Amino acid sequence: MSILVIADHDNSTLKSATLNVVAAANAIGGEIVVLVAGENCGAAAEAASKVAGVSKVLVADNAAYGHQLAENLSLLVADLGKGYSHILSSAGTTGKDFMPRVAALLDVAQISDIIRVESADTFVRPFYAGNAIATVKSSDAIKVITVRSTGFDAVSAEGGSAAVEAVAEVKDAGVSSFVKAEMAKSDRPELTSASIVISGGRGMQNGDNFKMLEAIADKLGAAVGASRAAVDAGFVPNDMQVGQTGKIVAPNLYIAVGISGAIQHLAGMSGSKVIVAINKDEEAPIFQVADYGLVADLFEAVPELEKAL
Amino acid sequence: MKVLVAVKRVIDYNVKVRVKADNTGVDLTNVKMAMNPFCEIAVEEAVRLKEKGVATEIVVVSIGPKTSQEQIRTALALGADRGIQIETDEEVQSLDAAKLLKAVVDKEQPQLVILGKQSIDSDNNQTGQMLAALAGMGQGTFASEVVVDGDKVNVTREVDGGLVTVGLKLPAVVTTDLRLNEPRYASLPNIMKAKKKPLESVSPADLGVTLSPRLTTLKVEEPPKRAGGIKVGSVSELVEKLKNEAKVI
């Protein structure tokens, strides 16, 4: 068996989710080849060649792939992928964008968001917002899979010495173009890869109050998240949303502040190792999943917590 | 221009999901069903495009058993002009759904196809992208803004870490994210009017598609339960526990 892993990167750095996808490839077993498709992506390819367990890195360096446009990327991956038994990417927004196209072009199913590998053709994935877990078996010759990074412990970013090979092929579907990007600038870790996450809910009352959480995040090296209620109320942008319709996180420590614990939210964070809940409502469902619950007014408890750290 | 909107009948999002005791699936007997929330956003966007004079006709399509006509009628009550039901009692996986929708696209020749980014039952997030690939169209997935401009559409997408805007040649596929719009409710007069709007029913065979599921579900289980923990009395006790007991800070 041979597995093609599509790297998650921003041309200059390899995103850590790639290390979790390689771990999933290891669980399937077989030769692991990583494709880095981008523009001026030599640095990301170099990083990929050092990842433990990778035997070869393919680099497709062209303006057509610079912004990870799904139309172009999927043509390339479907073409290169024909020789592999499995094609894997992370289940981030890039993977979710282009991988179904790859599957359709190859006339195979796509398996989304796997959290476990049972065998080379059988995988475990959550559905119904994580309220049910399915074990599914694929009858396709090529398995096209997106991997939920929290389901697999990352392999080491160091220790490998894979050969780097250029791919000359340029695929441009000619139907889409990049217009602009507005990325949130932050020195904090990304939500989905942070080892500590502190999230606020409707109880935060407004966006300004999230500064209290940011102060704690900066002390702990944590990412800041939010519940859907806080996003819907306009306190914070949607890319901070943790939950069924937002990001799925599984950090070592998750601190939920002013979050009641709707099923929607629990679906996105109940895989966390340790959960702390701070809420003034003793009956809030979040306390049923919290390892440590503190019934208190967050406007008193949060500043006190910041001082104590 | 003509807009095609695909909608799916799913378990109502307020219903607590129960896994069947024999682990074969999720129990859907006597459970309230509704239009998938992301599909409601897709219908709303199409209706707004019509109100702005950009769209001239909205065709709504749904795949599933006879009961899925209820969701088509809901879309008609919200402002769609006519409906197509692709009737089947079989399981329809994403690739087959995309093939069925591709056949409808070939027949109807819409300039824009709008779908929800995922359904809240299977959580696959695949059909729109697969349809776009099969039709050779560009796609704007996880859309938070859709601006049609002549023969192209600019779609702002919600991606990890921010927003990205792509420009697509029409015809194109758009899949909706939560912040695209806030769907309206259907008024009673519009619900009555919707009953008279045309609704055509076709079979997969009529569209020249043979369903061929590639994935077999071996079992469905409940997620592992988290045991509740303890209540702490103060912030200092919390910090002490996190440092010395959980050892996470």
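Lettering of chains follows the sequences in order, A, B, ..., and the numbering in each one begins at 1. Remember, predicted model here, so these are calculated numbers, not experimental data.
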Taken to the nearest 0.5 Å, the spacing of B:Leu134 CG from A:Leu105 CG works out to 7.5 Å

With a 4.5 angstrom heavy-atom cut-off, could you sort out which part of A:Leu309 is near chain B: side chain, backbone, both or neither?
-> side chain

Report yes if some heavy atom in the side chain of A:Glu300 is under 4.5 Å from a heavy atom in the side chain of B:Val235; otherwise report no.
-> no

Side-chain contact test, heavy atoms from C-beta onward, threshold under 4.5 Å: evaluate it for B:Arg226 versus A:Leu266 and give yes or no.
-> no

Contact origin within A:Glu182 toward chain B - heavy atom pairs under 4.5 Å = both

Region of B:Phe38 that comes under 4.5 Å of a non-hydrogen atom in chain A = side chain

Region of A:Ile111 in contact with chain B, defined by heavy-atom distances below 4.5 Å = both

Checking heavy atoms, do the side chain of A:Ile275, its backbone, both or neither come under 4.5 Å from chain B?
-> both

Chain B contact via A:Val302 - which portion, at a heavy-atom distance below 4.5 Å | neither

Under a 4.5 Å heavy-atom cut-off, does chain B meet the side chain of A:Ala132, its backbone, both or neither?
-> both

Region of A:Lys247 in contact with chain B, defined by heavy-atom distances below 4.5 Å | side chain

Hey, does B:Val239 have a side-chain heavy atom less than 4.5 Å from the side chain of A:Leu305?
-> yes

N-O pairing of B:Asp160 and A:Lys15 below 4.0 Å | no

Does any heavy atom of chain B fall under 4.5 Å from the side chain of A:Leu294, the backbone, both, or neither of them?
-> both

Is it the backbone or the side chain of A:Ala290 that comes under 4.5 Å from a heavy atom of chain B, or both, or neither?
-> backbone

Nearest heavy-atom neighbours spanning A:Asp107 and B:Arg214 | O-NH1, 2.6 Å

Let me know if A:Ser138 has heavy atoms under 4.5 Å from chain B in its side chain, its backbone, both or neither.
-> both

